[in-house]
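Input: a single structure, listed below in structure tokens.
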2 protein chains.
Amino acid sequence: MPSEKAIFNQFIREKKLKHSKQRENIIDVFLNIEKHMTLDELHGEVRRQYPDISFTTVYRTMKLLSESGLCRELHIRGGITRYEHVYGHTHHDHLICTVCGSCIEIIDLDIEKQQESIFVANGFIPSGHNMELYGVCPVCRKDRDIQ
Amino acid sequence: MPSEKAIFNQFIREKKLKHSKQRENIIDVFLNIEKHMTLDELHGEVRRQYPDISFTTVYRTMKLLSESGLCRELHIRGGITRYEHVYGHTHHDHLICTVCGSCIEIIDLDIEKQQESIFVANGFIPSGHNMELYGVCPVCRKDRDIQ
DNA sequence: CTCTATGCAAAACCTTTGCATAGAA
DNA sequence: TTCTATGCAAAGGTTTTGCATAGAG
């Protein structure tokens with residue numbers, strides 16, 4: 001299984017783009033954090049380690065990473081974009097607490113199968129999907145004394 | 001089964017708000033279009049029939065409609081907000097063509113059940129969910145000669 | 001050398017808000 | 001009268017782009 005870096009380098013080569021220190025650094029930072037990060041948060045982390053990298057470069061690098069298939073843009077509740085790792089991660093959905101914002105990754109093969117059959121039944125060629133479940137998590141439920 | 005207007009009037013009363021010609025008109029326009037509309041598109045339609053209604057009023061009215069449970073904000077691909085009818089419509093998910101943008105409504109009870117059990121298994125109190133499936137529809141598939 | 005990457009600033013976009021005035025109850 | 005609703009313009013927040021300069025191949 002090739003490393004994420006190897007995949008990105010392959011992608012750069014195919015697209016006839018160039019290597020750069022900044023891209024290397026941004027990718028390192030991203031790959032080392034498993035959380036879903038906004039561009040602002042990501043830029044904050046990047047700048048802590050590499051103070052001279054601009055927001056714009058982080059923006060453009062994350063676009064490239066998305067294109068290369070190494071990450072995915074998440075749009076929870078239609079709010080601002082967050083990025084999540086894709087490579088080496090089973091496809092998963094999200095269970096989100098509307099009170100504290102915590103996010104649990106859900107892997108459900110039954111739903112995946114069912115989704116597949118919806119595509120087939122409608123003659124679609126699948127390219128992706130996303131599912132978010134919203135509710136109140138056990139902790140917030142206690143805090144708020146909901147049933 | 002009370003009409004949508006009746007429900008909205010009830011909502012207005014409970015919230016101690018007031019009736020207005022503009023709200024009436026906006027709701028009429030919205031209820032007569034089954035498509036998922038952006039605020040801009042909706043405002044365009046509204047203005048065709050009622051040229052003096054402002055974007056802001058459409059915006060605020062749609063927020064009220066959402067609150068009242070008559071419509072729902074859709075965030076497809078995290079892009080701009082669209083509004084869809086809720087009242088009298090079974091909960092459904094969306095199958096979206098990434099080429100032409102067409103959108104098919106999907107009702108799948110198996111998936112609904114499975115979602116319910118995910119909430120229960122994680123101790124969540126459900127408040128809602130959404131699922132979008134993306135792919136290439138049969139028409140675009142032919143146009144592009146994909147397999 | 002030639003073409004891409006970067007950083008800055010500014011633009012673009014959509015969504016939301018403040019405020020003075022109009023209108024409902 | 002006393003609220004709320006409206007329209008306008010302007011602010012906010014995020015995402016995108018133009019352009020001059022730096023840097024990779």
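Here is the naming used below: chain letters follow the sequence lines, and residue numbers restart at 1 for every chain.
Distance, N9(B) CG to dT4(D) C1': 16 Å, rounded to whole Å. Atom CD1 in I26(A) sits about 11 Å away from atom C1' in dA5(C), given to the nearest Å. In this structure, F11(B) atom CZ and dA5(D) atom P are separated by 10 Å, rounded to whole Å. Here the C1' atom of nucleotide dG23(C) and the CG atom of L17(B) are 15 Å apart, to the nearest Å. Here the C1' atom of nucleotide dA5(C) and the CD atom of E24(A) are 14 Å apart, to the nearest Å. Between the P atom of dT16(C) and the CD1 atom of I80(B) lies a distance of 12 Å, rounded to the nearest Å. When rounded to the nearest whole Å, the span between CZ of R47(A) and C1' of dC8(C) equals 14 Å. Counting to the nearest Å, the P atom of dC14(C) and the NE2 atom of H75(A) are 15 Å from each other.
When the side-chain nitrogen and oxygen atoms of R23(B) are compared with OP1 and OP2 of dA5(D), one or more of them lie within a distance under 4.0 Å. Between T57(A) and dG7(C) there is a side-chain polar atom (N or O) within less than 4.0 angstrom of OP1 or OP2. Contact between the side-chain N/O atoms of T81(A) and the OP1/OP2 oxygens of dT15(D) is found at a separation under 4.0 Å.
Among H92(A), K35(A), H89(A), the single residue meeting the side chain to side chain donor-acceptor pair (under 3.5 Å) criterion with E84(A) is H92(A).
Heavy atoms of K63(A) sit under 4.0 angstrom from primed sugar atoms or phosphate atoms, though from no base atom. Across all strands shown, S20(A) has heavy atoms under 4.0 Å from sugar-phosphate atoms exclusively, and none from any base. Among the atoms of the strands shown, none is found under 4.0 Å from any heavy atom of T38(B). Among the protein residues, D40(A) comes within range of no part of the nucleic acid, since none of its heavy atoms lies under 4.0 Å from any strand.
Residue Q22(B) has its side chain nearest to dT6(D) when only dA9(C), dT6(D), dT15(D) are considered.
Ring geometry for F30(A) versus H85(A): interplanar angle of 30 to 60°, hence tilted.
Between the side chain of K18(B) and the base of dC3(D) there is at least one donor-acceptor pair of N/O atoms closer than 3.5 Å.
Rounding to the nearest 0.5 Å gives a distance of 12.5 Å between CD of E45(A) and CD1 of I53(A).
With respect to the salt-bridge test (charged N to carboxylate O, under 4.0 angstrom), the residues R82(B) and E41(B) qualify. K21(A) and E24(A) are not joined by a salt bridge, as no carboxylate oxygen comes within less than 4.0 angstrom of a charged side-chain nitrogen.
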